[in-house]
Asks: 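Pasting a structure here, questions to come.
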Amino acid sequence: MSLVTMRELLPAARKQKRAVGAFNIANYETARAVILASEREKSPVIIQLYMRLFNSDKAYDLAGALIRMAERCTQPVALHLDHGESLEQVERALGWGYTSVMLDGSRLPYEENVRQTRLAADKAHAAGASAEGEIGHVAMGDETALTDPDEAAAFAAASGVDALAVSIGTAHGYYKSEPKLDIDRCRTIAERLPDVPLVLHGGSGTPLDQVRRAIENGIAKINVATEFQHTFLTATNAELAKLDGKFVPVDKFMDPVTEECAAHIARLIRFFSGR
Ligand code: 13P
């Protein structure tokens, strides 16, 4: 039984200058890949789902399998709503058994971000779950707004979040040119918030030497979606090409795809934990 919240994972990670990987899954195979990697690397993981899956029955149905997989895993596993866009979504996730939620108010005016994130954090805590918020904005096809350290300190205190996503130069999706992370900014935020684990969104394609320095300066959770799901697509394509139109049962077809994804996650887990 090792279904946990982020509170069981992230404060210790931050103290030990390592980060826990948070991987955006979208189906059984991507979830299974994360669990396999967690078992093989004997390391905790966070399985997270994008907010849009909570607008349909996908996140509900997947929760059934995810809770079983987490409970069966010998390593701690948290199940997290990523970039929740409303309090209704937060309530849904908590009701469906997710152990952690993010209310992303990073595009709202500061006071409104605090208000909504506080409500989400209160709901999470009442349900025995953990909460993440974001201050500053990590680009999602729009403009980045780097996190102001003073605002980060005030926001963390006012919102009561267990983990704080900060904007230090990453972006969601693949980069058009190599990013340059503002490590000094990260360090300053971390100094202002010595007990709050910081979260790095936009892990895909971020140069690993810069990721390492971010971990050394307070980042304790790293989100990876695009490159992981791309591995799923590429591996599926390669397996389809091998089939050349012939039939194979779908569970057998997916096994090598899942293995490829698990190997990708295992590499990231090793790196994030400093091995
Ligand atoms: P990437 O898609 O860039 O890995 O970002 C993932 C993320 O931050 C999810 O919240």
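Predicted, not measured: the structure shown is a model, and the values here were computed from it. When a ligand or atom number is given, it counts from 1 through the structure's own listing order.
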Asks: Mind checking the CG-NZ spacing from Leu103 to Lys123? Nearest 0.5 Å is all I need.
Replies: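 Those atoms lie 10.5 Å apart.
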
Asks: Measure across Ala214 and Ile183 and return the closest heavy-atom pair with its distance rounded to 0.1 Å.
Replies: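 What the structure gives for the nearest pair is N-CD1, 3.7 Å.
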
Asks: Using residues 50-66 as the side-chain source, report each donor-acceptor pair under 3.5 Å to any protein atom, sequence neighbours left out, with the distance given to one decimal.
Replies:
{"unit_1": "Asn55", "atom_1": "OD1", "unit_2": "Gln89", "atom_2": "NE2", "d": "2.8"}
{"unit_1": "Asn55", "atom_1": "ND2", "unit_2": "Glu85", "atom_2": "OE2", "d": "3.4"}
{"unit_1": "Ser56", "atom_1": "OG", "unit_2": "Lys58", "atom_2": "N", "d": "3.0"}

Asks: For ligand 1, would you mind listing the residues that have at least one heavy atom less than 4.0 Å away, ordered by chain and number?
Replies: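 Those residues closer than 4.0 Å to ligand 1 by some heavy atom are Asn24, Tyr50, Asp82, His83, Ala171, His172, Gly173, His201, Gly202, Gly203, Ser204, Asn223, Val224, Ala225, Thr226.
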
Asks: Testing Val45, Ile219, Ile222, Leu200 one by one against Phe272 for a side chain to side chain contact (heavy atoms under 4.5 Å, CB included), which residue passes?
Replies: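 Looking at Val45, Ile219, Ile222, Leu200, the match for Phe272 under the side chain to side chain contact (heavy atoms under 4.5 Å, CB included) is Ile222.
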
Asks: Is it true that the side chains of His125 and Asp162 contain a donor and an acceptor less than 3.5 Å apart?
Replies: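 There is such a pair (donor and acceptor under 3.5 Å, judged by atom type) between the side chains of His125 and Asp162.
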
Asks: To the nearest 0.5 Å, tell me how far Glu191 CD sits from Cys186 SG.
Replies: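 Reported to 0.5 Å precision, the distance equals 10.0 Å.
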
